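Nothing here was measured: the structure is a model prediction, and the numbers come from that model.
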Amino acid sequence: MTAHKQGGSLATVLSWLYALLLALPLYYLAASALKTNVEIFTRPFALPAHWLWGNFATAWRTAGLGQALLNSLLISAVAIVLTLALAVPAAYALARCDNRLGRAITGAFSAGFLVPPFAALIPTVILAIRMDLFYTREFQMLFLPASALPLSVLLLTQFMRTVPPALVESAALDGAGDWRLLFSVFIPIAMPGLVSVTILQLLTFWNEYLFSLTITGTGPDVRTVQVALPTLVSDATNFGVLTAGTVLTLLPVYVAYSLSSRRMQEALTAGAVKG
């Protein structure tokens with residue numbers, strides 16, 4: 001019993017140390033957003049001597065973060081909807097198709113991991129120009145789901161393969177077709193996978209920089225937050241303003257992650273109770 005208590009105490013201490021390790025960079029970022037350059041370099045982990053809330057307003061105004069945030073939100077939301085709309089039916093088909101053709105298609109999706117992103121840059125630019133969508137948000141909305149499909153389909157396929165065959169047979173005997181099976185049986189059971197894919201792709205889409213800079217461009221009306229944020233960097237960079245801008249760009253994705261992770265925990269708990 002004593003050894004068990006000691007093990008529990010050690011686990012608690014390690015958990016708190018890990019939480020502190022994760023929280024420290026966030027604290028440094030938030031504190032730096034309210035400091036001058038001198039304070040950031042001379043007192044990096046101390047609280048600000050004077051809380052410069054104006055850094056946030058300066059970052060918002062200088063980088064045009066209002067429009068940039070709207071662009072990133074719109075692009076990410078549409079891209080996630082399209083990704084799930086394409087990946088969920090594909091994963092359902094692959095999960096139920098355990099034959100040579102299904103394995104070949106799964107292998108084709110796996111091959112998508114072998115193509116490095118920068119290798120697709122020039123063909124993607126040419127495609128955007130040919131479609132007359134170069135320097136537009138619309139092409140980014142179409143391109144991001146295409147780049148996210150390999151991982152999304154493979155992850156969702158593995159989750160959907162955990163559906164008990166007896167449950168599928170029972171629903172089929174009740175007259176359920178493919179669409180009813182998908183929405184009434186497979187999606188509820190694979191909900192943790194759906195939430196995981198949504199979180200993963202949201203982070204990927206929100207942080208995408210190379211294709212956003214090259215294809216969507218730097219125009220204030222179309223650029224994303226990742227393209228707008230570097231405009232705060234210059235020969236005389238105010239690092240307090242830069243970190244304030246970084247905090248503003250992190251808040252939406254942090255809120256979305258917090259809400260989605262709670263939903264994933266609820267789905268996992270529900271699945272465990274049903275099991």
Side-chain angles (χ1 to χ4, degrees), residues 7-8 11 15 18 75-117 120 141-208 253-275:
S15 298
Y18 181 67
I75 292 172
S76 299
V78 173
I80 286 174
V81 170
L82 290 178
T83 298
L84 294 179
L86 296 171
V88 169
Y92 168 77
L94 291 175
R96 301 204 64 196
C97 185
D98 189 16
N99 53 32
R100 184 176 299 177
L101 177 61
R103 289 190 290 270
I105 296 175
T106 302
F109 277 108
S110 300
F113 293 110
L114 302 178
V115 182
M141 296 174 189
L142 298 174
F143 166 76
L144 289 176
S147 65
L149 278 180
L151 179 60
S152 300
V153 170
L154 292 177
L155 284 177
L156 290 174
T157 299
Q158 296 305 315
F159 275 95
M160 289 190 179
R161 282 178 177 166
T162 63
V163 176
L167 185 59
V168 178
E169 293 174 4
S170 176
L173 289 175
D174 288 338
D178 284 325
W179 287 109
R180 184 178 170 189
L181 281 172
L182 175 61
F183 287 101
S184 300
V185 178
F186 281 82
I187 287 181
I189 294 178
M191 186 57 68
L194 283 170
V195 177
S196 299
V197 168
T198 300
I199 293 174
L200 179 62
Q201 299 303 350
L202 172 63
L203 296 175
T204 302
F205 295 163
W206 189 268
N207 293 321
E208 208 290 314
V253 73
Y254 175 77
V255 171
Y257 175 79
S258 299
L259 296 175
S260 300
S261 61
R262 180 179 301 178
R263 179 66 183 88
M264 182 171 62
Q265 291 173 3
E266 292 173 354
L268 286 169
T269 304
V273 172
K274 289 179 183 178

Result block: side-chain N/O donor-acceptor pairs under 3.5 angstrom for residues 163-186, not counting sequence neighbours:
{"from": "Asp178", "atom 1": "OD1", "to": "Tyr92", "atom 2": "OH", "distance (Å)": "2.9"}
{"from": "Asp178", "atom 1": "OD1", "to": "Arg96", "atom 2": "NH1", "distance (Å)": "3.3"}
{"from": "Ser184", "atom 1": "OG", "to": "Arg180", "atom 2": "O", "distance (Å)": "3.2"}

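Residue pairs satisfying the salt bridge (Lys or Arg N to Asp or Glu O under 4.0 Å) criterion with at least one member in residues 145-166, sequence neighbours excluded, are absent.
Between the OG1 atom in Thr204 and the CG atom in Leu144 there is a gap of 9.5 Å [rounded to 0.5 Å]. Expressed to the nearest 0.5 Å, how far CD1 of Ile105 lies from CG of Leu94 amounts to 6.0 Å. Atom-to-atom distance recorded for Ile75:CD1 and Ile80:CD1 is 12.0 Å, nearest 0.5 angstrom. The distance from atom CE of Met160 to atom CG of Leu194, rounded to the nearest 0.5 Å, is 6.0 Å.
Heavy atoms only, all atoms of each residue included: Pro89 and Ala85 are closest at CD-O, 3.1 Å. Of all heavy-atom pairs spanning Ala90 and Val153, the tightest one is CB-CG2, 4.2 Å.
The ring pair (Phe, Tyr, Trp, His ring centres under 6.0 Å) search around Phe109 returns none, not counting sequence neighbours. Applying the side-chain contact (heavy atoms from CB on, under 4.5 Å) criterion to Arg103, with sequence neighbours excluded, gives Asp98, Arg100. Considering only residues two or more places apart in sequence or on other chains, Thr83 meets the side-chain contact (heavy atoms from CB on, under 4.5 Å) condition with Pro145, Ala148, Ser152, Phe205.
At least one side-chain heavy atom of Leu155 sits under 4.5 Å from a side-chain heavy atom of Leu200. Considering only heavy atoms from C-beta on, Gln201 comes within 4.5 Å of Leu151 through its side chain.
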